[in-house]
Amino acid sequence: MKPRDAYAAFVIWVVLTALGEAFVLRANIYPLAGNEFARDVDDAFRLLMALAVPVFTFVVTVLVYSLLRFRRNGEPAEDGPPIHSHRGAVWGWFAVTSGLTLLVMVHPGFTGLLELRESRHQEMVVAVQAAQWSWNFTFPGRSELEKVKDLKLPTDTKIRFDVTSRDVVHSFWLPMYRMKIDAVPGRVNSVYVATEEAVSYGENVNVRVQCAELCGTGHPRMQVRVEVVERPEFDAWLAEQEAG
Amino acid sequence: MAATALIARTRDWAFGPILRGLLTGLVGFSLGAGFTAGVRALAGADAIAFGPVIFGGYWFGLAGWLLGVGVWRTWAREWLGMPVDWTMRNGWQRYFDFTTDHKVIGVQYLVTFLGMFFLAGLLAMLMRIEHLTGGQVLFSPSQYNYVMSLHGITMIFVAVAAVIGGFGNYAVPIMIGAADMAYPRLNALSYWLAAPVPVLLLATFFAGGFDAGWTSYPPLAVENRDGQILFNLAFITLGLSSIAGSINFIVTVTKLRARGLSFGRLPIFVWGVFAMSLLGFFFTQYVAAAMMMTLLDRLFGMVFFDAAGGGDPLLYQHIFWFYSHPAVYIMGIPGLALALEVITHFSRKPLFAYRWVVGGILAITALSAVVWAHHMFTAGLSDIELFFFVTTTELISIPTGLIFLGALGTIWGGRLWLRTPMLFALAVIFNFLIGGLTGIFLADVFTDIHLQDTFFVVAHFHYTIVGAGIFGLFAGIYYWFPKITGRSYSEFWAKLHFWWMFLGFNMTFLPMFWLGLNGMNRRVASYPSDLEALNVVASLGGFFLGAGFLVFLANIVVSWVRGPAASANPWRARTLEWHTSSPPPVENFESEPEVVGHPYDYGTPGAVHAMLAGAEEEGG
Ligand SMILES: [Cu+2]
Ligand SMILES: [Cu+2]
């Protein structure tokens, strides 16, 4: 072990980090994002990856460099240097990992919670009742009994879903809006989704409601194709539901 | 009867203890079941209802089994003032007996839980066949849910018990210079309590299976098929075994350390087992309570988790995760500590920043008590709860980082000997790095909302529990194989197994991060066909991973039978288990060991960890 090793490893780390950052910042690994909130979640995901890259490459560099540089063919004849600790390295490590942790805790940790809180506005309330194995929706101005099994939503509307369950625990997941809340018997959990453009399941499979909590035999197929349509079309559809 | 029992022992049949246990277990079960049915008949209820009769019979059956297998002979007679019989057999028969030797118990745990590991692994192969296409391949959805649930809980039990039960038992007493565990009979009891667990899990097949996953949330777990009852009983039983084992480790490490072995000189693996025993002791009771409350709801109409009756399904989730978050450390930390142990000896350099690493493990132990609700971020928690659990969960990164500091600081500038245990130990660090970093995405509510209950979570916990816990288990198997068997394994086949497992593991689980992010929820027999391509990659990786264990089994079996003899200390490692013969004698050391220095003083000429009274200094 010479200073040369530290320099070499440092250079490798910088190069790997640059490559890694170039990859995670450009790679489009995300599913369709249907609104601003979803895009913000993806940004947070990307930021966490960008912060994880230097940590990942640091550990991998030290591991692989040591593996190649410090390996012995066969049983080592002598011991390594008796280094028990190193004040600077330890405190440096502690400071950097603590700093990164606090950073992530504040952003996107706390800031994400704030955004979640600020997203709570509604222009429309939809009651959602989960049951083995279907989703039942009650739209504004309707009685509980008038439930619809497929789901159309109007564009550019802030919607609150009041989610509960009739039997076991389910989970109401809208992948394209990065939103999910459990449907728990005896409780009403609300989530807020602001729709934007028109889009339908036919265009992308993540335009769906999917049950995400294991609920028995029908769990994987406990899904509803969603269609986000312009307001007039939505109103016509709703009227049709009433007539039917 | 006392005298005849003593005489009979010496000519006992190999499977005598187990057969007697089965017999008394059957008697106990009949008594309990009959009693339950009788009470129910008197109360005017359906007398032979499956659930209550099984439940009532089980506890008496379990007591009968334990008495018959050895508790009566070695222990209970003492309570009645009768002489007890401690004679243990010497040959292979001791592995089928209520043996108090911690080394035998360690091997019993290892073999039992490796068997369960392979069984659950085969179930995983079936699941990967099902996932070859988005539609139906092998199973109906309910069959898939059963296979998935059985795979899950079996692997969870393996992860909880294999390293601690196996190597904790085998190695910890020797590493601290003790002759045995503090409570040898309690130790035997722990194992024979665990032995019915795989039987119960397999018996679920005959009770209609169960389909609520290893987490088994009510109300589903109260309403589903009756296999669930056996699941709940199995969880409680393994819990009792864990609590007994944890008490034993805590007392053993506290009271039986060799002269001179201060806590500041404790090998890091012992620290790992000790800290996780604290968790096992304090927290296992909660999951047992959750299981028992589920049973009471199901069988006797109680309403702990029934919203309609005034209960709350979320109550279960809180109690369950109050144990099960600490439990993920019980599954992961022993493997990590074992990896650090191996890395140190095979780098021939002191464990870097030993005190900080120990502090890290203890900080994780403490913090693990206050993070449980991060498994419930989408359950409908209040903002203040979300805020609290994000904060505590993120904080765990800091002590976890110290474990990486220890590993990296040790190998840097060391003299690396890349034998198979070392390769597995380094893989633990690599895998746990991925598992740890992806955990941050789940610790943060904002990103977790989307990822919760998807394959992203599946990938994450396989990287931590398999990547650290199970890779650590295999590091331990190769590391201590010469000590346990007195023979050497084949290095070539062992290295082949390592690379095979390492590549197969990453090929299986890396694609799952993307799958989860892109809309594949977990615990599904079918999924959107857009996600087929990477599912096929994961499945092929899984089959490859599974096939690699044939190499492992062949190597281990052949080497155990006729591998070349191993010396007392083939690795020239410094901890105490390498100061005695391979395999060690019954009470571990020919003479009393005395610890005079740190176990990791590599590179310091003349530094000595321990001396055996009357023997020449060795292992310096
Ligand atoms: Cu559902
Ligand atoms: Cu957790």
Side-chain angles (χ1 to χ4, degrees), chain A residues 1 29-31 41 44-45 48 52 55-56 59 62-63 66-67 70-72 75-76 78-85 89-90 93 97-98 101 104-105 108-109 112-113 116-117 167-169 171 175 178-182 184-187 189 205-206 210 212-217 219-221, chain B residues 141-142 211 213 217 219-220 307 312-314 347-350 352-353 356 378-380 383 386-387 390-391 394 397-398 401 404-405 408 411-418 426 429-430 433 437 440-441 444-447 449-450 452-453 514 517-519 521 523-526 528 530 602-604:
Chain A
M1 180 183 53
I29 54 171
Y30 308 94
V41 170
F45 193 100
L48 289 179
V55 178
F56 180 77
V59 176
V62 175
L63 271 180
S66 304
L67 210 90
F70 304 127
R71 72 178 295 171
R72 289 290 176 272
E75 191 174 344
E78 83 286 25
D79 286 357
I83 301 167
H84 293 266
S85 191
V90 170
W93 180 273
T97 53
S98 300
T101 300
V104 168
M105 192 190 292
L113 285 176
L116 199 62
R117 181 188 265 182
D167 37 48
V168 303
V169 181
S171 191
R178 312 287 187 271
M179 189 45 82
K180 183 185 289 134
I181 194 79
D182 291 356
V184 183
R187 276 176 186 249
N189 287 332
V205 291
N206 283 316
Q210 170 71 57
E213 181 65 62
L214 179 62
C215 57
T217 307
H219 167 57
R221 302 253 185 239
Chain B
S142 77
D211 60 356
Y217 286 0
L220 184 62
D312 187 352
L314 288 196
S347 298
R348 303 206 68 75
K349 199 162 152 282
F352 188 75
W356 286 79
T378 62
D383 284 350
L386 295 177
F387 173 79
V390 167
T391 307
E394 302 273 18
S397 308
I398 299 171
F404 284 95
L405 173 70
L408 299 183
I411 58 173
W412 186 256
R415 302 288 181 270
L416 270 55
W417 191 15
L418 298 180
L426 295 173
I429 301 302
F430 176 82
L433 175 66
L437 289 174
I440 294 170
F441 297 77
D444 178 359
V445 172
F446 200 47
T447 39
I449 289 175
H450 177 62
Q452 169 79 19
D453 278 319
W514 185 89
L517 178 61
N518 279 276
N521 49 316
R523 297 168 159 174
V524 286
S526 55
D530 298 43
Y602 286 103
T604 306

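In the text below, chain A, chain B and the rest are named by the order of the sequence lines, each starting its count at 1.
Counting heavy-atom neighbours within 6.0 Å of A/R72 CZ, excluding the residue itself, gives a total above 12.
Legend: residues meeting side chain to side chain donor-acceptor pair (under 3.5 Å) with B/H450, ordered by chain and number and at least two apart, are A/W173. B/D383 meets the salt bridge (Lys or Arg N to Asp or Glu O under 4.0 Å) test with A/R117, A/R120; sequence neighbours excluded.
At least one donor-acceptor pair under 3.5 Å links the side chain of A/K180 to the backbone N or O of B/Q452. In this structure a side-chain-to-backbone donor-acceptor pair under 3.5 Å is missing from A/D79 to B/T604.
Nearest heavy atoms, B/P313 versus A/V169: CB-CG2, 4.3 Å. In plain terms, the two heavy atoms of B/N518 and A/Y30 that are nearest each other are OD1-C, 3.6 Å. In terms of heavy-atom proximity, B/D444 sits nearest to A/G109 at OD1-CA, 3.6 Å. The shortest non-hydrogen separation linking A/V41 to B/T447 is O-CG2, 3.9 Å. Between B/F404 and A/V59, the shortest heavy-atom distance links the atoms CD2-CG1, 4.3 Å. Looking at every heavy atom in both residues, B/K349 comes nearest to A/P81 through CG-O, 3.4 Å.
Most heavy-atom pairs under 4.5 Å with chain A: of the set B/A307, B/G414, B/A525, this distinction falls to B/G414. Counting heavy-atom pairs closer than 4.5 Å to chain A, the top residue among B/A379, B/S142, B/S347 is B/A379. Comparing A/A44, A/C215, A/P108, A/G186 by heavy-atom pairs within less than 4.5 Å of chain B, the highest count is held by A/P108. The candidate from B/F430, B/Y602, B/F441 with the greatest count of non-hydrogen atom pairs under 4.5 Å with chain A is B/F441. Contacts with chain A were tallied for B/V390, B/L405, B/T391; B/L405 has the most, counting heavy-atom pairs under 4.5 Å.
The CG atom of A/L214 sits 10.5 Å away from atom OH of B/Y217, with the distance rounded to the nearest 0.5 Å. Taking CG of A/D182 as the start and CG of B/L314 as the end, the distance is 7.5 Å to the nearest 0.5 Å. If you take OG1 on B/T378 and CG on A/N189, they are separated by 9.0 Å, rounding to the nearest 0.5 Å. Distance CZ/A/F45 to CG/B/L517: 4.5 Å, rounded to 0.5 Å. Atom CG of A/L48 is separated from atom CG of B/L437 by 10.0 Å, given to the nearest 0.5 angstrom. In this structure, the separation between CZ on B/F387 and CE on A/M105 is 9.0 Å, given to the nearest 0.5 Å.
Looking at A/L113 and B/F446, their side chains never come closer than 4.5 Å, going by heavy atoms from C-beta outward. Counting only heavy atoms from C-beta outward, the side chains of B/I411 and A/F70 never approach each other to under 4.5 Å. Side-chain contact between A/H219 and B/V524 is present, with at least one heavy-atom pair separated by less than 4.5 Å.
Looking at A/R71, both its backbone and its side chain come within 4.5 Å of chain B, counting heavy atoms on both sides. In this structure, chain A has a heavy atom under 4.5 Å from the side chain of B/L433, while its backbone stays farther away. With a 4.5 Å cut-off on non-hydrogen atoms, B/D211 touches chain A through its backbone and its side chain both. Both the backbone and the side chain of A/E75 come within contact range of chain B, each with at least one heavy atom under 4.5 Å from a heavy atom of that chain. With a 4.5 angstrom heavy-atom cutoff, A/V90 touches chain B via backbone and side-chain atoms both.
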